[in-house]
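So the structure is just underneath, and the comments pick up after that.
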Amino acid sequence: MIFAANFKMNHTRATTKAYLDVLAQKLVSKCSEDRVFIFPPATALDRYEGDFTIGVQNAYMAESGAYTGEIGLEQLEEFGIKTILIGHSERRDVLGEDQALVAEKFAYFKAQGFEIVYCIGEALEVREKGDEAVMAHLLSQFEGIDLSYEKLIIAYEPIWAIGTGRSATTEEISSTHASLKEHFDRPLLYGGSVKPENIKEITAIDGVDGVLVGSASLDVERFSEMIFA
Ligand SMILES: O=C[C@H](O)COP(=O)(O)O
């Protein structure tokens, strides 16, 4: 099982270090088959000791250059970062990344051999149109994406479940994951209001290979509770 924490724009360099010091101790007794990813804010990127992988939430598709405000390969290499989130709904809807840009980022970091957690998800108005509309939308988010890439992990995150405290139902997760898995043979995570109270139910669903957690990952005790649930 994969447990991924996306801090988004939360935590500082100091609080991330304190968090990871505690997490590293807890993960000494982690199940060997499980993997833990932490995506902290860019200011907290560093080399840390512990049985987890540090990933970057976003980066520009270049080694370095005149890209004000961005970080690229040169900055990631300083800390040995080789894992990246791409296509998160907040990058798409809040920061305005269209499918063409998301696919360009994917191609660049794939070429650099990065492990990529690629995010897809539909808005409530799409969900309300039914399963066919949901799948049509989700599959459109694979345009330009190599689904056979061996370092690809996919995260299905219904936008209407992100940060709302209301996750998708077991049936919604099960049916959507089953339909998605007809299109690729890669690990598929669920994200959207995952928390200690629902982690067991969600990770027990066939077709769920792990979770991508936002809000409930910000506290190391709650995130650890999910890993050891
Ligand atoms: O990347 C994480 C997802 O956006 C889920 O966030 P959430 O757990 O706060 O709903």
Side-chain angles (χ1 to χ4, degrees), residues 1-11 15-16 19-20 23 34-42 44-45 52-59 81 83-97 102 105-106 109 114-124 126-127 134 137-138 141 145 152-170 172-173 176-177 180 186-205 207-229:
M1 198 60 67
I2 294 171
F3 298 88
N6 177 11
F7 285 4
K8 303 187 182 180
M9 196 170 75
N10 300 292
H11 277 300
T15 61
T16 297
Y19 181 111
L20 294 176
L23 184 64
D34 291 345
R35 287 195 66 191
V36 176
F37 293 81
I38 304 292
F39 294 92
L45 292 176
F52 45 73
T53 300
I54 299 292
V56 64
Q57 293 179 28
N58 176 58
I81 304 294
T83 303
I84 185 168
L85 270 180
I86 291 178
H88 192 284
S89 62
E90 288 147 9
R91 298 297 311 175
R92 296 173 188 262
D93 301 342
V94 178
L95 284 304
E97 292 191 1
V102 166
K105 284 193 178 184
F106 183 96
F109 287 101
F114 270 59
E115 188 165 30
I116 298 173
V117 177
Y118 184 74
C119 302
I120 58 173
E122 82 285 354
L124 184 58
V126 174
R127 172 59 63 178
V134 169
H137 177 77
L138 296 180
Q141 293 184 311
I145 305 303
L152 170 61
I153 297 170
I154 294 166
Y156 167 59
E157 300 198 307
I159 297 170
W160 45 273
I162 294 175
T164 63
R166 174 191 178 278
S167 73
T169 65
T170 304
E172 288 166 332
I173 299 170
T176 306
H177 277 230
L180 285 170
R186 300 303 311 149
L188 177 58
L189 314 183
Y190 168 77
S193 294
V194 177
K195 48 197 170 185
E197 295 76 14
N198 61 22
I199 186 72
K200 277 189 173 179
E201 177 190 354
I202 289 172
T203 51
I205 298 169
V208 171
D209 302 307
V211 291
L212 178 54
V213 188
S215 312
S217 74
L218 298 178
D219 177 280
V220 66
E221 298 300 331
R222 280 174 67 78
F223 187 55
S224 304
E225 192 181 335
M226 288 185 267
I227 296 168
F228 292 99

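Indexing begins at 1, ligand by ligand and atom by atom, following the structure's order. In this text, all values refer to a predicted model and were calculated from it rather than measured experimentally. The basis for the numbers below is simple: all heavy atoms, side chains too, and nothing from hydrogens, waters or symmetry mates.
To the nearest 0.5 Å, atoms OH (Y118) and CG (L152) are separated by 9.5 Å. Between L189 atom CG and D209 atom CG the span is 7.0 Å, to the nearest 0.5 Å. From T83, atom OG1 reaches atom CD1 of I153 across 7.5 Å, with rounding to the nearest 0.5 Å.
Contact annotation: for I162 versus ligand 1, heavy atoms closer than 4.0 Å belong to both the backbone and the side chain.
Near H88, meaning under 4.0 Å from any of its heavy atoms, are these atoms of ligand 1: 1 (O), 2 (C), 3 (C), 4 (O). Ligand-side atoms of ligand 1 in range of G163: 7 (P), 9 (O), 10 (O), range being under 4.0 angstrom from any heavy atom. Of all atoms in ligand 1, listed by their number and element, those nearer than 4.0 Å to a heavy atom of S193 are 7 (P), 8 (O), 10 (O). Listed by number with element, the atoms of ligand 1 under 4.0 angstrom from any heavy atom of G192 are 5 (C), 10 (O). In summary, the atoms of ligand 1 found under 4.0 Å from a heavy atom of N6, numbered by their order in the structure, are 1 (O), 2 (C).
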TODO: Determine, stepwise, if the pair F223 / I38 fulfils side chain to side chain contact (heavy atoms under 4.5 Å, CB included).
DONE: CA-CA 10 Å; F223 187 55; I38 304 292; 3.7 Å; yes
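Under a 4.0 angstrom heavy-atom cut-off, A216 registers as lying outside contact with ligand 1. Residue-ligand proximity: K8 is placed with a non-hydrogen atom under 4.0 Å from ligand 1. Within the structure, the closest approach of A161 to ligand 1 falls below 4.0 Å when heavy atoms are considered.
Any N or O atom pair closer than 3.5 Å counts here, and E90 shares no such pair with ligand 1. Among the atoms of T164, none of the N or O lies under 3.5 angstrom from an N or O of ligand 1. No N or O atom of V213 sits closer than 3.5 Å to an N or O atom of ligand 1.
Smallest separation of non-hydrogen atoms from E172 and T169: OE1-N, 2.8 Å. The shortest non-hydrogen separation linking A161 to S167 is CB-CA, 4.1 Å. Taking every heavy atom of both residues into account, W160 and A123 meet most closely at CD1-C, 3.8 Å. Of all heavy-atom pairs between S89 and I159, the closest is CB-CG1, 3.7 Å.
By the 30° and 60° cut-offs, the orientation of the rings of F7 relative to H11 is tilted.
Given atom 9 (O) of ligand 1, the protein heavy atom at minimum distance is S215 OG, 2.6 Å. Nearest to atom 8 (O) of ligand 1 among the protein's heavy atoms is G214 N, 2.8 Å. At the shortest separation from atom 2 (C) of ligand 1 among protein heavy atoms lies E157 OE2, 3.1 Å.
A salt bridge links E197 to R222: at least one charged side-chain nitrogen sits closer than 4.0 Å to a carboxylate oxygen.
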